[in-house]
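Accompanying notes for the structure given below.
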Amino acid sequence: MGNVGKISENEYETLAASGYRLDDIIGKSGLEKQYETYSEGGSVIGLKGEWGKEELEVNAKNQTVSTISEEAPEPGDSLVLTIDIDVQTAMEDSLARMVQYARETFNGKAGGGSAVLIDVKTGGILALASYPSIDPNSFAEGLSADEVKYYNDEKLRPQWNRAISAGYPPGSTFKLVTATAILKAGISPNDTVYCAPSVWVDPLARCWKSDGHGYVNLYQATAGSCNIYYQIMGKRAGVENLLEAGRSYGFGQLTGIDLPGEIKGVFPTVAWKEEKFTGWEADWHTYDSYYTSIGQGYNVDTVIQLGSYIAAVANDGVRMKPFICREIVSAEGVLLKEFTPTEAMDLGLTEEQAKTLKSAMKAVTADGGTAAHLFDSLPENLRPAAKTGTAQTGLVGDNPNKDYHGVFVAFAPAENPQVAFACLIEYGKRGGSTAGVVARDTFYSYFQVDGDSSVNVSTDE
C-alpha cells in the first residue's frame, strides 16, 4: 500500500505549480505514491483531492460579515485493486512466521523475505508481501521513538519492499529458463547426463547431492535439481539460446509492475561482461554458462521477476505484465480508468515444449522430487508444480558452505494453472523447508483448503 507523509521542501518546489500547498500530505511510497496522480489523455485523476476555499468579508475585528464565494473541497479518487485480502493476510502471516523459523532453526542471519502470488492469465497481483513490514498508519499519525528506531534500522530495513527492490541469486529456481533454452536448441528432454563425483571437475560446479544423481534426463534432473545435468545441457544448448531465454522471461529488465522502486536486477550477458570487466574476465567463458544455467554466478533477480517468469511457464510461454490497480473510481463511484491485462512477451513455445516444461515442474512435487511431501494436505486436483532453490548468497563475509537463501517457485493447480507463486527467505537455507511452506499456506488460503500448518516439512535441496 505504501504510506503518506507531509510534503517535503524539494517535493513542494516540484509540485507547487500543480496546486500543492506547504501543509499537504502526499503519497511517499507504494500505491499511495504511484497513484497520487495519474495522467492520461490530458486529464489528471488519482488519489489527490482538491482543497475547498471560502472568500469572506470581515470587519475590523476579523469577524465574518458575509461569505462572498465558496468552493467545496473535492475528495480524491479511489483505487480498486487485484489484491485478495484473505490471501494477502495469509501470505504475510506465513512469511513472518517462516522468517522467524529460519532464524531460529537454520541461520541467525535470517531476518527478511518476500513473496508474490500472480494470476497466470492476467498478470494481476493477488498477494504481495515483504517482511519486515510497515504500518502505513504510523507515518500518518507521527512516529514514536520506538517506531523511528524500527523504521531506520539499517539491518531490518522495513521500508524496503523486498519483492521489487531487492535482488538475489535465484539458485535452482532458474533452471526452467535453462530447460527452455535446451528445448529451443532442439535437444530431446529424454537425453541423459551422468552425474557423479567422478565427473565433478572444474569448471563445473559440484552437485548438491553428495553421491550424485546417476543418469538423468530433463524431467529427472528437474525433480532432483541436478546441477550437473543443467550445466552440461546448458552449455550444449549454447550461450545465445540460454541468454535469449533469460531475456524473454524478463530477467535483467523491469517487469513494469505499477509500484515505485522496482529494480532490474542483473542478468549476465556477453555484452554485460564486456562492459563490466576488463582483461580476461571481460570475455564469456565456459564457467559463465555453467553458473548462469543453475542460477548462480552473476544472476541477481527480484521476487517479482521470479513470479512473472513462473507465471509465463504456467501460461504456455506467454508472459503478462504484472499489475495491482484494476480500476480508478471517482468519489461518486464513476469508473474513470480501467487497467486491462497486457501481454509483455510471447516466447513462442510449441505445445510440446510448453507441456514438457510444466511436466518437469510437476515432477518436483511428485514422489522423488525435492518438494514431494510439502503439499500432501492439498487435494490431488489442486496440487501445484514447483521448483526448489538453495542459493549461495554471494555476499562478502558469507560462508558459501553455510549461508544460503531459501527460494521457491510454483504454479497451481499443476494440471490447469490459475496462479503462480514465488518466495525468497534470506538465509532460509533450503527453499522447500522455508519459502515452500509460505507457498503451501498461500495455496491453502487461495483454494480455501484446511491443511497441515506445521513448519517442519521434510524436503531436499
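A ring-centre distance under 6.0 Å is not found for F267 and W272. A centroid separation of 6.0 Å or more is found between the aromatic rings of Y249 and F174.
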Run the side chain to side chain contact (heavy atoms under 4.5 Å, CB included) test on D441 and M91 for me, step by step, so that the C-alpha distance in whole Å, both residues' side-chain angles and the decisive distance to 0.1 Å come before the verdict. CA-CA 7 Å; D441 295 345; M91 178 183 283; over 6 Å; no
Checking W284 against T269 for the side chain to side chain donor-acceptor pair (under 3.5 Å) test, could you report, in this order, the C-alpha distance in whole Å, the side-chain angles of both residues, the deciding distance, and whether it holds? CA-CA 8 Å; W284 188 273; T269 64; over 6 Å; no
Go through F421 and V438 one step at a time and tell me if the side chain to side chain contact (heavy atoms under 4.5 Å, CB included) criterion holds. CA-CA 10 Å; F421 172 91; V438 181; 4.0 Å; yes
Test salt bridge (Lys or Arg N to Asp or Glu O under 4.0 Å) on K355 and E352; report intermediate values, then the result. CA-CA 5 Å; K355 181 181 178 181; E352 187 62 28; 5.2 Å; no
Checking side chain to side chain contact (heavy atoms under 4.5 Å, CB included) for the pair F408/T434: CA distance, chi angles, key distance, verdict? CA-CA 8 Å; F408 196 89; T434 52; over 6 Å; no
Test log, rule side chain to side chain donor-acceptor pair (under 3.5 Å), inputs D258 and Y35: CA-CA 9 Å; D258 49 341; Y35 291 102; 2.6 Å; yes
Might you work through the side chain to side chain donor-acceptor pair (under 3.5 Å) test for N315 and K121, ending with a clear yes or no? CA-CA 7 Å; N315 198 29; K121 299 299 183 184; 3.1 Å; yes
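In this structure, N241 contributes its side chain and A181 its backbone to no donor-acceptor pair below 3.5 Å. The closest donor-acceptor contact from the side chain of Q34 to the backbone of L31 lies at 3.5 Å or more, if one exists at all. Side-chain N or O atoms of T292 include none that pairs as donor or acceptor with a backbone N or O of S289 at under 3.5 Å. Judged purely by atom type and a 3.5 angstrom limit, Q353 uses its side chain to pair as donor or acceptor with the backbone of T350. Using modelled atom types, no side-chain atom of E36 and backbone atom of L47 make a donor-acceptor pair closer than 3.5 Å. S66 contributes no side-chain N or O that, together with a main-chain N or O of I68, makes up a donor-acceptor pair within less than 3.5 Å. A donor-acceptor contact shorter than 3.5 Å links the side chain of T178 to the backbone of S293.
Ring geometry for F443 against F375 counts as tilted: the plane angle lies between 30° and 60°, on a 0 to 90° scale. The aromatic rings of Y427 and H405 sit perpendicular, their planes meeting at an angle over 60°, well past the 30° parallel limit. Under the 30°/60° scheme for interplanar angles, the aromatic rings of F339 and Y38 are found to stand perpendicular.
The closest side-chain heavy-atom distance from R430 to T388 is not below 4.5 Å. For the pair M320/V318, a side-chain contact is recorded, criterion being any heavy-atom separation below 4.5 Å from C-beta on. Side-chain contact between S94 and T442: absent, with no pair of heavy atoms (C-beta onward) separated by less than 4.5 Å. Between I125 and I304, the closest side-chain pair of non-hydrogen atoms falls below 4.5 Å. In this structure, the side chains of I45 and T37 stay at 4.5 Å or more apart for every pair of heavy atoms. Side-chain contact check for Q296 versus P170: every heavy-atom pair is 4.5 Å or farther apart. Within the 4.5 Å cutoff, no side-chain heavy atoms of Q392 are placed close to those of D403. Contact annotation: the side chain of I425 approaches that of L95 to within less than 4.5 Å [non-hydrogen atoms, C-beta and beyond].
Nearest heavy atom pair, residue G19 against residue D24, reads O-OD2, 4.3 Å. In terms of heavy atoms, P322 sits closest to T255 at CG-OG1, 3.5 Å. When all heavy atoms of V87 and L117 are compared, the closest pair comes out as CG1-CD2, 3.8 Å. The shortest non-hydrogen separation linking L79 to C325 is CD2-SG, 4.0 Å. Between A420 and V120, the shortest heavy-atom distance links the atoms N-CG2, 3.7 Å.
More than 12 heavy atoms of other residues, nucleotides or ligands sit less than 6.0 Å from atom NZ of K358. Crowding of N381 atom CG: a count of heavy atoms from other residues, nucleotides or ligands under 6.0 Å exceeding 12. E351 CD: 12 or fewer foreign heavy atoms inside a 6.0 Å radius. Residue-environment remark: NZ (K33) stays at or below the threshold of 12 foreign heavy atoms within 6.0 Å. In K109, the NZ atom is crowded: over 12 heavy atoms of neighbouring residues, nucleotides or ligands sit closer than 6.0 Å. Heavy-atom contacts from other residues, nucleotides or ligands closer than 6.0 Å to CD of E9 number 12 or fewer.
From K175, atom NZ reaches atom CG of L218 across 11.0 Å, with rounding to the nearest 0.5 Å. In this structure, the separation between CD1 on I310 and CD on Q305 is 12.5 Å, given to the nearest 0.5 Å. For the atom pair CD of E40 and CD1 of I328, the computed distance is 8.5 Å after rounding to the nearest 0.5 Å.
Salt-bridge annotation for K48 and E50: present, with a side-chain N of the basic residue lying under 4.0 Å from a carboxylate O of the acidic one. Between K273 and D283 there is no salt bridge, since no side-chain N of the basic residue sits under 4.0 Å from a carboxylate O of the acidic one.
For the residue pair S445 and D86, no side-chain donor N or O sits within less than 3.5 Å of a side-chain acceptor on the partner. No donor-acceptor contact under 3.5 angstrom links the side chains of N299 and Y291, judged on distance only. A donor and an acceptor atom, one from each side chain of D398 and T393, are located under 3.5 Å apart. Side-chain contact of T14 with Y20: a donor-acceptor pair under 3.5 Å is absent, judged by distance alone.
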